[in-house]
Number of protein chains: 2
Amino acid sequence: MDFKRLRILRELADRGTVGATAEAMKVTPSAVSQQLKTLQEELGVVLVKKSGRGVRLTEAGLAMAGAAAEVSTAMARAEATIDTYRRGWQTHVRAAFFPSAAEMFLPGLLHRVKAIDGLHFEAHFEDPNVAGFAGLTADYDIVLAHSVDGPDVFARLGLTVVPLLDEPLDVAVPEGHALAGKSTLRAEDVIGFPWMGVPEGFPFDTVLRQIEVQADSPAVRAQTFPDLRVLEALVSAGHGLSLLPRYTALKNQGRGFVLRPLAGVKASRSIVALARPDVAARTTIQQVLTLLKAEAQSVAEAPELRDAAHLN
Amino acid sequence: MDFKRLRILRELADRGTVGATAEAMKVTPSAVSQQLKTLQEELGVVLVKKSGRGVRLTEAGLAMAGAAAEVSTAMARAEATIDTYRRGWQTHVRAAFFPSAAEMFLPGLLHRVKAIDGLHFEAHFEDPNVAGFAGLTADYDIVLAHSVDGPDVFARLGLTVVPLLDEPLDVAVPEGHALAGKSTLRAEDVIGFPWMGVPEGFPFDTVLRQIEVQADSPAVRAQTFPDLRVLEALVSAGHGLSLLPRYTALKNQGRGFVLRPLAGVKASRSIVALARPDVAARTTIQQVLTLLKAEAQSVAEAPELRDAAHLN
DNA sequence: AAATCCATGAAGTGAGGCTACAGGGCGGCG
DNA sequence: CGCCGCCCTGTAGCCTCACTTCATGGATTT
């Protein structure tokens, strides 16, 4: 089965007539007709039927045209792939960031990638659930991901995992709140207040359960929201407490809420970069991953975090 | 860019040497060498480098080989498509069922499809979250799905939606439990007992919240489990109450638990069949969908449900 | 240094897709 | 109702291009 013939079928499905198809492919109608005939003989299936003075695709023809379209897009991807290698090395790198990763890493990373001459670095936003991160590696060279249970979940899927950061979860407390006076919070301190959840994929409930066990008393769960900003605002407005990732939330600390670490409870998420192994092996990708690791390290060691060392 | 040339590159990536590639494709090494040369000139990219007395793919070559593999799989899908049309109409239909849909519909449906002569009906099990159902339509002709918010969520994605069944959620109560004596339960009746959740995608929390509002008192949430059988067993063992889909759970009623409908609270899930519109238009698919609707209706009107009419 | 393996180049051949042209079915229009 | 025009299809001939054969040269092994 030949790709050119499939393309003709696809074109015919779009244009409707043999003549228009021929024109679109810059050949004569006769050529189109002949190729269709050969395709049908080769497949042993009737793809087109005469209809009036034109032709109409059969169901099989429509189905094959659909399949042909998929082949076309695969071909287009191949063409796109080659475009990124015209200089002899991969010059286009596409990466997917979830919101807080973009906030943390992008500003610094964009500066760093400028050092690689000729590199086009494209950052895209994606906000999938945990299972969705892995699938994105089909569409992007590098996928920033976070996980509750450590980086191993992704490695089990056959992906290359580059650990970037382990980010603790702290308790966000309204400014002026009674708990804001303490530098460290214990389960008994926080158990009585209503909780606003962080988005799915964070160990919100796991941590809350730890707190319940330690305090030996049930916690009050209020609604969860899929946006850290909303949670920050809710906490600031005094609606309750929340568990927020430290490095992300720290920048906004002081706008109505403060962060306090939990004592006696282990709570953090790992932030990693994912790539398919064959992609990760490429030198350009390696370079970008190295820059990403450097950026992550400098984020973790940033002055504003050292100033906030009391959180540890 | 020609598919045959890409295949040669792919083969070379697998086999490692021009000679082996030539043998695999039943041509002479010279032919392979020439095609690779043409491909490189046409793409303007170096794909192979001499290495010792053999050759080695460059990074661009490896990347292109990967892209070529994707094109190959698309081609294979096209071939598979045509196989299902050798009789002039689609003879193979692949459908995806989530567990309780399989339990409800498959036994009867398999009988019905036997009436279509020459049809190969393949049922597969898939258990995705709500967002995942839509994606399955790329891999299956028909996808059984359930949704909390009615069928519209899928229609918005451009999918054809065939409503099959609206299944109420009832309260599962341990046999001999105080509440088992009542034929209908109200929010105040059930609010005090611990709840076991149904899997994600069921309106477990939505319903529970309605109950809380009606009873004006918080409910006690115990763990949720992604398996209805486990929940049934937990209820039977007296660990608490649960919300279970009526038609699915009814068959097991009596094995330690009974179902009681909720009054004053609207709780149900819609079960639908999904298909890409182009697929749904095919006559074979239409036939199967018709059978599926018929089976769904006969499930809803089944004797054991009429016997349990007091549930309504 | 000879032998061997592997890839590549040059020349010739053949399959197959294309054009040009002719023919035939179907619908529209006077 | 018959003529015209549109659209598809068939045939003959050309020409492109992938393949084979044969020959050459670089790299590794003994």
Sequence neighbours excluded, every pair satisfying side-chain hydrogen bond (donor to acceptor under 3.5 Å, both in side chains) that has a member inside residues 22-31 of chain A:
A:Ser30-A:Gln34
What residue among A:Thr91, A:Thr84, A:Val93 forms side-chain contact (heavy atoms from CB on, under 4.5 Å) with A:Thr284?
A:Val93
To the nearest Å, how far apart are A:Lys4 NZ and D:dA18 C1'?
13 Å
Tabulated below should be each protein N or O lying under 3.5 Å from an N or O of nucleotides 7-10 of chain D; please produce it.
residue : atom : partner : partner atom : Å
D:dC8   : OP1  : A:Val18 : N            : 2.6
D:dC8   : OP2  : A:Val18 : N            : 3.4
D:dC8   : OP2  : A:Gly19 : N            : 2.7
D:dT9   : OP2  : A:Ser33 : OG           : 2.9
D:dT9   : O5'  : A:Ser33 : OG           : 3.4
D:dG10  : O6   : A:Ser30 : OG           : 2.8

Hits for side chain to side chain donor-acceptor pair (under 3.5 Å) against A:Gln35, two or more places apart or cross-chain, chain-then-number order -> A:Arg5
Value in whole Å for how far the P atom of C:dA7 lies from CG of B:Leu9
14 Å
Can you run down the salt bridge (charged side-chain N to carboxylate O under 4.0 Å, His left out) pairs that involve residues 10-19 of chain A, sequence neighbours left out, and say none if there aren't any?
A:Arg10-A:Asp14, A:Glu11-A:Arg15
Checking all strands, does A:Lys26 fall into the base, sugar-phosphate, or nothing category for heavy-atom contacts under 4.0 angstrom?
sugar-phosphate
Rounded to the nearest Å, what distance is computed from the CD atom of residue A:Glu42 to the C1' atom of nucleotide C:dG16?
12 Å
Separation of atom CE in A:Met25 from atom P in C:dT19, rounded to whole Å:
11 Å
Name all pairs fulfilling the salt bridge (charged side-chain N to carboxylate O under 4.0 Å, His left out) condition that reach into residues 110-136 of chain B, sequence neighbours left out, sorted by first residue then second.
B:Arg94-B:Glu122, B:Arg112-B:Glu295
Interface residues of residues 56-69 of chain B with DNA chain C (non-hydrogen, below 4.0 angstrom):
none
Sequence neighbours left out, what passes ring-ring contact (aromatic ring centres under 6.0 Å, His included) with A:Tyr140? Give chain and number order.
A:His124
Enumerate the residue pairs fulfilling ring-ring contact (aromatic ring centres under 6.0 Å, His included) with a member in residues 90-116 of chain A, sequence neighbours excluded, ordered by first and then second residue.
A:His92-A:His120, A:Phe98-A:Phe133, A:Phe98-A:His146
Give the rounded distance in Å between these two atoms: CE of B:Met1 and P of D:dA18.
15 Å
On DNA chain C, nearest-nucleotide positions of A:Ser51 versus A:Thr38: which is more 5'?
A:Thr38
Measure from CD on B:Gln35 to C1' on D:dC17 and round the result to the nearest Å.
8 Å
The complete set of side-chain hydrogen bond (donor to acceptor under 3.5 Å, both in side chains) pairs with one or both residues in residues 55-70 of chain B, sequence neighbours excluded, reads A:Arg77-B:Glu70, A:Thr283-B:Glu59
Can you tell me the distance, in whole Å, between the CZ atom of B:Arg5 and the C1' atom of D:dC19?
13 Å
Measure CZ/B:Arg7 against P/D:dC19 and give the value in whole Å, please.
11 Å
For the residue pair A:Arg87 and A:Gly118, what are the closest heavy atoms and their distance?
NH1-CA, 3.5 Å
